[in-house]
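So the structure is just underneath, and the comments pick up after that.
Residue numbering restarts at 1 for every chain, and letters A, B, ... go by the order of the sequence lines. Treat the numbers as computed from the prediction; the structure is a model and nothing was measured.
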2 protein chains.
Amino acid sequence: MVTNTALIFKKVPESLPVEGEHIVIEHRDFDLDARPPEGGLTVQNFLLSFDPYQRGCLREPDEATYGPSFPINEPLLCGAVSRILKSTIPEFNEGDLVWGLFGAEQYTAVPPVLVPQVRKLDNPLGLDPIVFTGALGTAGLSAYASFYEIGKPKPGQTIYISAASGGVGQIVGQLAKMEGLTVIGSVGSDEKLDLIVNELGFDAGFNYKKESPAAALNRLAPQGLDIYYDNVGGETLSAALNAMKDFGRVVSCGMISQYNLSPEDRYGVKNLGQLFLKRLTVQGFIISDPEIMLKYVMEFSIKMSAYLKEGKVKSIESLTVGIENAAQSFLSMYSGANFGKTVLKIANVA
Amino acid sequence: MVTNTALIFKKVPESLPVEGEHIVIEHRDFDLDARPPEGGLTVQNFLLSFDPYQRGCLREPDEATYGPSFPINEPLLCGAVSRILKSTIPEFNEGDLVWGLFGAEQYTAVPPVLVPQVRKLDNPLGLDPIVFTGALGTAGLSAYASFYEIGKPKPGQTIYISAASGGVGQIVGQLAKMEGLTVIGSVGSDEKLDLIVNELGFDAGFNYKKESPAAALNRLAPQGLDIYYDNVGGETLSAALNAMKDFGRVVSCGMISQYNLSPEDRYGVKNLGQLFLKRLTVQGFIISDPEIMLKYVMEFSIKMSAYLKEGKVKSIESLTVGIENAAQSFLSMYSGANFGKTVLKIANVA
């Protein structure tokens with residue numbers, strides 16, 4: 001028996017989850033010698049990916065939304081870089097380094113239902129394994145697939161990306177620069193603004209806590225937007241709709257500004273007349289849809305690995321160390337205290 | 001000299017236009033013997049099409065929106081069935097029956113800039129010329145092109161159409177029935193509900209003044225919507241987003257519920273999270289875009305003419321007679337007093 005420290009979903013939050021009430025660090029016993037259930041695995045988790053969509057899983061199971069709700073009294077599910085400790089199936093052997101949807105905990109007894117999503121981490125270029133939680137993981141694939149599939153970028157066009165320093169936004173921005181677009185980003189601090197403009201090569205950006213999106217888009221994109229890559233929703237989406245050019249595309253990847261608000265407190269978008277006035281296309285996107293994932297995953301993996309190896313794309317992670325700090329890491333996404341893709345390191349990949 | 005009675009745009013309305021203040025019937029002199037400007041035409045107008053988008057043209061010229069603003073102190077521009085009285089160009093001869101964007105008046109001196117949109121009315125099937133203001137005109141083409149291009153209908157799917165008895169809605173509904181869809185419509189009176197269900201073949205419908213869209217869609221489409229054809233926006237759009245299935249399509253053709261509201265009074269849509277939760281595609285549409293018009297106009301003209309001749313599609317017009325009643329006819333679109341496609345007959349086609 002070992003101690004298995006975990007971030008447990010205890011209670012459905014009405015608004016922002018509170019550590020100790022809705023999400024709680026617990027220490028449970030884990031039997032490393034137990035054979036996993038037939039078809040299952042036992043893994044040790046090293047790196048956890050925290051992603052904004054997880055807030056939507058902290059809910060009652062009967063609410064219709066995408067993805068599973070997290071079971072109460074169980075660890076949050078996260079994309080994770082992990083090592084196989086025990087396997088009951090021939091596809092995986094003890095010692096394999098894998099990516100999967102595992103618990104926010106040190107060790108996970110992986111039930112058979114989650115095994116089909118597990119994949120071995122091929123890393124022929126010798127990249128830092130942390131990139132598999134971000135630029136080369138779900139966030140990166142989301143960015144890549146939606147940017148090309150929905151954004152339909154063309155050289156010379158202008159894109160605006162909200163939450164631009166986050167796991168998805170930072171990749172969209174760097175891809176857009178490579179494709180010859182003018183790239184504008186918004187972030188929630190001057191440090192993040194410096195990051196996207198001076199480290200990641202965005203053409204311009206603004207701190208939405210200091211300047212309204214409407215004013216900033218007037219200032220930075222008087223020519224109008226061809227693409228708005230929406231990670232935040234609310235007032236920012238409304239301002240972007242006003243700034244779009246005719247026939248512009250809006251990629252709706254998330255709405256982090258709205259996740260911790262009750263339905264009646266959410267921002268009411270009053271300018272949807274822009275949709276037909278400008279013949280806009282707005283398309284929602286979730287990477288877990290098999291069709292779009294299968295269409296892009298191979299191309300993405302090959303190209304993004306090379307971009308990272310060559311330094312053409314930088315992967316900026318907001319790294320927190322120690323499972324005891326998992327709640328703090330998770331909540332940093334919603335407070336904006338994170339700085340880059342939010343990653344929790346439980347232990348060095350070994 | 002003859003008297004030319006016209007519906008004149010006098011003043012920009014803040015909300016609902018008022019007859020006598022914002023739109024005014026005036027009698028002006030018209031010289032039937034004068035030669036039109038070089039490249040122009042003189043026409044006599046018989047049938048005028050009133051369409052909801054025209055409200056958006058009653059504005060200050062500097063506001064960015066689609067289409068031209070109507071010039072102050074000039075007649076409203078309408079799609080019209082008219083006869084050429086004088087021509088300065090070889091494409092048109094005196095006596096030709098044509099469709100064009102002409103003034104809401106008895107006679108129009110057509111400036112050269114509007115001539116490229118004029119087309120001769122071929123009517124080999126001997127249809128009532130009134131269909132060229134509706135089912136076989138701009139409303140019909142809008143319905144046809146957007147239903148196929150954006151709606152991407154498949155047999156067995158469910159479509160919900162708001163403003164279902166209007167010029168566009170009635171055609172979308174009948175096309176959808178022919179394509180094997182389950183068709184639900186909303187209207188603003190019990191008489192209109194009877195029309196769409198018992199005359200036009202909709203599977204079901206509701207009177208939004210008696211039942212909220214949210215409640216009605218729960219009742220009539222518990223299976224969810226594959227397509228929402230939006231003519232009204234606001235609360236109805238919000239309810240439809242909640243009722244959509246994954247990967248549903250929203251055709252944004254207009255938002256008549258919002259046109260007479262100031263920007264701050266418009267309905268705030270708070271559930272745009274449905275966009276990515278359900279991976280919806282929302283696409284705005286205006287038939288005047290050359291690309292989509294050219295793609296569909298031939299196919300539409302041939303098929304819709306046959307549908308009308310064979311009685312497979314019924315064209316329901318809300319006919320008002322007499323140019324003196326033009327303001328009443330125009331305003332009936334926004335009060336809901338109309339019953340079908342809004343058409344003003346100035347005189348019998350002769």
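Atom CD of B:Glu291 is surrounded by 12 or fewer heavy atoms from other residues, nucleotides or ligands within 6.0 Å.
Here A:Phe285 and B:Phe276 keep their ring centres 6.0 angstrom or further from each other.
Note: B:Asp289 leads B:Leu261, B:Asp289, B:Leu272 in heavy-atom pairs under 4.5 Å with chain A. Taking B:Asp265, B:Ile150, B:Val251, B:Thr281 one by one and counting their heavy-atom pairs under 4.5 Å with chain A, the maximum is reached by B:Thr281.
Residue A:Leu280 touches chain B through its backbone alone, counting heavy-atom pairs closer than 4.5 Å. Neither the backbone nor the side chain of B:Asn271 comes within less than 4.5 Å of any heavy atom of chain A. The contact between A:Leu237 and chain B is made entirely by side chain atoms (from C-beta outward), counting heavy-atom distances below 4.5 Å.
In this structure, A:Arg279 is positioned above the aromatic face of A:Phe247, its NZ or CZ under 6.0 Å from the six-membered ring centre and within 45° of the axis.
Side chains of B:Ser252 and B:Asp230: no donor on one and acceptor on the other come within 3.5 Å. Under the 3.5 Å distance criterion, with hydrogens and angles disregarded, no donor-acceptor pair is assigned to the side chains of B:Ser165 and B:Lys341.
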